[in-house]
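Below: the structure, in structure tokens.
Starting from 1, each residue takes its place in the sequence as its number.
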Amino acid sequence: MKRPVVVVAATSGIGRAIARRLGQDGTPLILAGRDGPAASRIASDCKARFSIEAEAVEVDMLHVEEITSFIEHIKKLAPNGIDGLITCQGAMPDQEDLLSNPEMLQDLVKLNFTSVVILFEAVARALSETGGGFLCAITSVAADRGRPRHHLYGSTKSALTTYLEGLRVRLHPRDIKVVNIKPGVVDTAMTWGLSNSAPMASPDRVAKDTLRAIDRNRPVAYSPAVFSLIMKIVRAIPDRLFNRLDF
């Protein structure tokens, strides 16, 4: 019998798409989100569509005590352990708002970086006890180079990328996969209203690429794959030219 997979921020566009693809494969689900009723609706939908076990948990990742309670709740829902956890949590507020609001900036760092580290460390301990499994985080191509318009957001994803690199090496002897998914521009609520000429992916495309990367144990995967080439070019731009850009 399959062990459940936990999806954090399951109410996001990418989170919903991942939950549905996992459900199609018959994987039991534990769906977490700050909007508890919305997470419950997604869980009920997956139960009805795919005849699987699906539970919903309300949790706000900005609060450490809620993360701790969430981990204990997972242990009760899955006494035999989980197969892995995928987190889609993250926010990308307007940078001008961040620059003028220190509290908003602090929450950005907590949500996009600190809370993920706290969550992954706790789940890594649980996976070590049961043996094997995976941890997967959705970061961003914004982590690859600091761009003027989004460097505060990008820096949180860059910090998370560095953490995942070290965690991957640390957990390798325990047979725990650590996967980093770097989406480009995705058609979700986070990107509504943004002007961008880059190719835009659907949440389902990112979900498909995410689950493929986990299955194949790819440490880092770009979604869509073309962003691997795009970001290679961006990283290669000399500073004297990059400093003149505004994007």
Below 4.0 angstrom, N of the basic side chain to O of the carboxylate: do [X] and [Y] qualify?
X	Y	value
Arg34	Glu66	no
Arg205	Asp209	yes
Lys177	Asp215	no
Glu165	Arg168	no

How close do [X] and [Y] get, counting heavy atoms only, and between which atoms?
X	Y	result
Leu164	Ala137	CD1-CB, 3.9 Å
Ile176	Ala124	CD1-O, 4.0 Å
Ala213	Ala221	CB-CB, 3.8 Å
Ala43	Ala54	O-CB, 3.6 Å
Tyr153	Ala91	CD1-O, 3.2 Å
Phe242	Gly146	CE2-O, 3.3 Å

Answer with yes or no whether the hydrophobic clustering places [X] together with [Y]; edges join I, L, V, M, F, W, Y residues whose side-chain heavy atoms lie under 4.5 Å apart.
X	Y	value
Leu160	Ile181	no
Ile86	Leu29	yes
Val64	Val59	yes
Val220	Val234	yes
Leu127	Phe70	yes

Any [X] side-chain heavy atom under 4.5 Å of [Y] side chain:
X	Y	result
Arg218	Val179	no
Lys182	Ser140	no
Thr156	Leu108	yes
Lys157	Val141	no
Cys136	Thr210	yes
Arg145	Ile237	yes
Asp45	Arg41	no
Val57	Ile30	yes

Measuring from [X]:[atom1] to [Y]:[atom2], what's the distance to the nearest 0.5 Å?
X	Y	atom1	atom2	result
Leu152	Asp97	CG	CG	11.5 Å
Ser69	Glu58	OG	CD	12.5 Å
Leu105	Ser155	CG	OG	8.0 Å
Ile14	Gln89	CD1	CD	12.5 Å
Lys47	Glu55	NZ	CD	5.0 Å
Leu99	Asp94	CG	CG	8.5 Å

For atom [atom1] of [X], decide whether the heavy atoms of other residues, nucleotides or ligands shown that lie under 6.0 angstrom number more than 12.
X	atom1	value
Arg235	CZ	yes
Lys208	NZ	no
Gln95	CD	yes
Arg174	CZ	no
His151	NE2	yes
Lys2	NZ	yes
Glu65	CD	yes

Out of [options], which residue meets the side-chain contact (heavy atoms from CB on, under 4.5 Å) rule with [X]?
X	options	answer
Val8	Leu31, Val123, Leu119, Ile138	Leu119
Met61	Asn112, Ile67, Thr114, Thr87	Ile67
Phe134	Leu85, Asp83, Leu171	Asp83

### Task
Go through the steps to decide whether Arg21 and Asp204 satisfy the test salt bridge (Lys or Arg N to Asp or Glu O under 4.0 Å), and finish with yes or no.
CA-CA 8 Å; Arg21 280 193 168 269; Asp204 189 63; 3.0 Å; yes

### Task
Check the pair Val169, His172 against side-chain contact (heavy atoms from CB on, under 4.5 Å), reporting the backbone distance first and the verdict last.
CA-CA 5 Å; Val169 176; His172 177 73; 5.8 Å; no

### Query
Mind checking whether Tyr163 and Phe113 have parallel, tilted or perpendicular rings, split at 30° and 60°?
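Plane angle over 60°, so perpendicular.
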
Is the side chain of [X] donor-acceptor paired with the backbone N or O of [Y] at a distance under 3.5 Å, no angle test?
X	Y	value
Ser12	Ala9	yes
Arg16	Thr11	yes
Asp60	His63	no
Ser44	Ser40	yes

### Message
Determine whether Val116 and Leu111 satisfy the following criterion, side-chain contact (heavy atoms from CB on, under 4.5 Å), listing intermediate values before the conclusion.
### Response
CA-CA 7 Å; Val116 181; Leu111 181 64; over 6 Å; no

### Query
Would Thr139 and Asn180 count as having a side-chain donor-acceptor pair, cut-off 3.5 Å?
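A donor-acceptor contact under 3.5 Å links the two side chains.
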
### Query
Under 3.5 Å, is there a donor-acceptor pair between the Asp144 and Tyr222 side chains?
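A donor-acceptor contact under 3.5 Å links the two side chains.
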
### Full working for side-chain contact (heavy atoms from CB on, under 4.5 Å) between Thr27 and Ile52
CA-CA 7 Å; Thr27 303; Ile52 61 167; over 6 Å; no

### Message
Set out, in order, the CA-CA distance, both residues' side-chain angles and the distance that settles salt bridge (Lys or Arg N to Asp or Glu O under 4.0 Å) for Arg20 and Asp25, then state yes or no.
### Response
CA-CA 9 Å; Arg20 287 170 181 162; Asp25 290 339; over 6 Å; no

### Message
Does Val6 form a side-chain contact (heavy atoms from CB on, under 4.5 Å) with Ile74? I'd like the steps, not just the answer.
### Response
CA-CA 8 Å; Val6 181; Ile74 289 175; 4.0 Å; yes

